[in-house]
Number of protein chains: 2
Amino acid sequence: MFLHIDANNGLAVYDQIVRQIKFSVADGVLAVGELVPSVRELARELTINPNTVARAYRQLQDDEVLESMRGTGLIVSIGARKICLAARKRLIRARLQEVLLEAHHGGLDAEQIQTLFQTELKSLKKKR
Amino acid sequence: MFLHIDANNGLAVYDQIVRQIKFSVADGVLAVGELVPSVRELARELTINPNTVARAYRQLQDDEVLESMRGTGLIVSIGARKICLAARKRLIRARLQEVLLEAHHGGLDAEQIQTLFQTELKSLKKKR
DNA sequence: CCTACTGTACTAGAACGATGGTACGGTAGA
DNA sequence: TCTACCGTACCATCGTTCTAGTACAGTAGG
C-alpha cells in the first residue's frame, strides 16, 4: 500500500491519511476516476479502525478530492488533481515554515539551519 | 516573555513549553541557577491554565532541566545546559527529518525540496 | 507573626481522536 | 434472487490534553 501511518508524530491518524491521499493524487499514483481502497480494506491494511478511515474519506469528500459512487466505493474526482497539487505545496510549505521558525527560535542562525538541512537531505537521498 | 505558544500546530501546549524552555537554556537566555517564571505568572502571561504550566515544569524536572527550591520556585539545574544543547539538536533534527520524509513521500525530489527550503529560509531572514 | 508568594496535589469536566460494534440501503456479480 | 461487498450512520467507551477550582506545606520579607 502507498500509505505510511506513524502513530506518534503529532498528527492525527485520519489527518495523515487525508494528506497522503492528496499527495498520491498530486503525484499521479492515484489517477482521476480510480477507486480508492474501501474503508474496511484500508483499515485492515493499516491495522486501524474502519471508522478512522471513514473519517478521513469524509474529509476528502468535503475537500472535493473524492466522490461517492453509491454502493460501489469512492473515486478520485475530476478536479482532484489540481486541488491536490495546490494542497501539497501548501501543506509542505506550512510544515517547513513551522520547523524553520522553531529552529530559529531555538537559537540557530540561518547557516546552522542550512548545514543541518543539507545533512538530513543527504541522508534522505542515501536511503533511496 | 521568551515563549510563543501556538494553539493549533499539532503539539500539545505543555510540550511546546518544555521544548522552548530547553531551547532557551541551550541558547543561554535562561542561565544555570536562574529562577524560571512561577507557574501562576507564566500561565498569566501565556493566558493558559496554571496546571498546564505545572505539567510542563514537572516534565522538565523529570528531564533534570529544572529543580525545585521548595517554597521559592524552580531553578535551572546545574547540568541543564549540556542536556538542553543535546536536546535541541535532537529535537530540531527529528522535526526536519519528519518534514523531509513527508515532502519526499509527497512526490517532491531533492531539488524541489531544496528550492522550497531556500525560499522559506529567505523569507525567514527578512522577518528579522 | 502575618502576608504573599512558591510548588504540588487532587477532583471534575469539556473536547477531541481513536476504537469497537452494530445496522441499514445501494450495487455488482454469480 | 442471493451473496458479498460498498459507504454511511449511529452508539458507547477509552485515553489524552486542557481547563477550572480548591487545598496545603514551605519560604521570604515586612
Side-chain angles (χ1 to χ4, degrees), chain A residues 1 3-21 25 30 33-78 80 98, chain B residues 1 3-21 25 30 33-78 80 98:
Chain A
M1 189 40 193
L3 302 186
H4 311 182
I5 298 302
D6 180 5
N8 49 349
N9 73 347
L11 268 69
V13 174
Y14 85 90
D15 201 31
Q16 292 182 51
I17 297 174
V18 170
R19 294 166 82 100
Q20 291 186 30
I21 293 282
V25 174
L30 279 175
E34 192 177 340
L35 272 168
V36 294
S38 81
V39 166
R40 292 169 179 84
E41 185 193 342
L42 186 54
R44 214 181 310 122
E45 284 189 30
L46 302 178
T47 58
I48 60 177
N49 195 279
N51 284 333
T52 304
V53 179
R55 168 76 197 274
Y57 281 179
R58 206 182 317 135
Q59 175 73 51
L60 285 163
Q61 284 182 77
D62 290 346
D63 294 345
E64 296 180 31
V65 171
L66 298 183
E67 69 190 88
S68 176
M69 308 288 288
R70 301 198 304 168
T72 304
L74 294 167
I75 61 168
V76 178
S77 70
I78 301 196
E98 266 179 37
Chain B
M1 189 41 192
L3 302 187
H4 310 183
I5 299 302
D6 179 6
N8 48 351
N9 73 347
L11 267 70
V13 174
Y14 85 92
D15 200 32
Q16 292 183 52
I17 297 174
V18 169
R19 295 167 82 100
Q20 291 186 29
I21 293 281
V25 174
L30 280 174
E34 191 176 340
L35 273 169
V36 295
S38 80
V39 166
R40 292 170 179 81
E41 186 193 342
L42 186 53
R44 214 182 311 123
E45 283 189 30
L46 302 178
T47 57
I48 58 176
N49 195 279
N51 284 333
T52 305
V53 179
R55 168 76 198 273
Y57 282 179
R58 206 183 318 135
Q59 175 74 49
L60 285 163
Q61 284 182 75
D62 291 346
D63 294 346
E64 296 181 31
V65 171
L66 298 183
E67 70 189 89
S68 176
M69 309 288 286
R70 301 200 304 169
T72 304
L74 295 167
I75 61 168
V76 179
S77 70
I78 301 196
E98 267 180 36

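All heavy atoms count here, side chains included; hydrogens, waters and symmetry mates do not. Chain A is the first sequence line, chain B the second, and so forth, proteins listed ahead of strands; every chain is numbered from 1.
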Quiz item: Reading nucleotides 4-10 of chain D 5' to 3', which nucleotides get B (base under 4.0 Å from a protein heavy atom), which S (sugar-phosphate only), which -?
Solution: --BBB-B

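- Using modelled atom types, no side-chain atom of E34(A) and backbone atom of I75(A) make a donor-acceptor pair closer than 3.5 Å.
- Look at CG on N49(A): it is 19 Å from P on dC16(C), rounded to the nearest Å.
- With rounding to whole Å, E67(B) atom CD is found 11 Å from dT8(C) atom P.
- Here the straight-line distance linking atom CG of L3(B) with atom CD of Q20(B) works out to 5.0 Å at 0.5 Å rounding.
- Atom pair L42(B):CG and dG7(C):C1' shows a separation of 14 Å (rounding to whole Å applied).
- Within the 4.5 Å cutoff, no side-chain heavy atoms of S38(B) are placed close to those of Y57(B).
- Taking atom CG of residue L35(B) and atom C1' of nucleotide dG7(C), one finds them 12 Å apart after rounding to whole Å.
- Put simply, the side chain of E67(B) never gets that close to the backbone of L74(B): no donor and acceptor are under 3.5 Å apart.
- Side-chain N/O atoms of T52(B) include one lying less than 4.0 angstrom from OP1 or OP2 on dT19(D).
- For D15(A) and dC16(C), the CG to P distance is 15 Å, given to the nearest whole Å.
- Straight-line distance from the CD1 atom of I5(A) to the C1' atom of dA18(C): 13 Å, rounded to whole Å.
- Going from atom CG of L11(A) over to atom P of dC16(C) covers 17 Å, rounded to whole Å.
- Look at CD1 on I17(B): it is 9 Å from P on dT19(D), rounded to the nearest Å.
- Using a distance-only test at 3.5 Å, with no hydrogens or angles considered, no donor-acceptor pair links the side chain of D63(B) to the main chain of V65(B).
- A donor-acceptor pair under 3.5 Å is formed between the side chain of S77(A) and the backbone N or O of E64(A).
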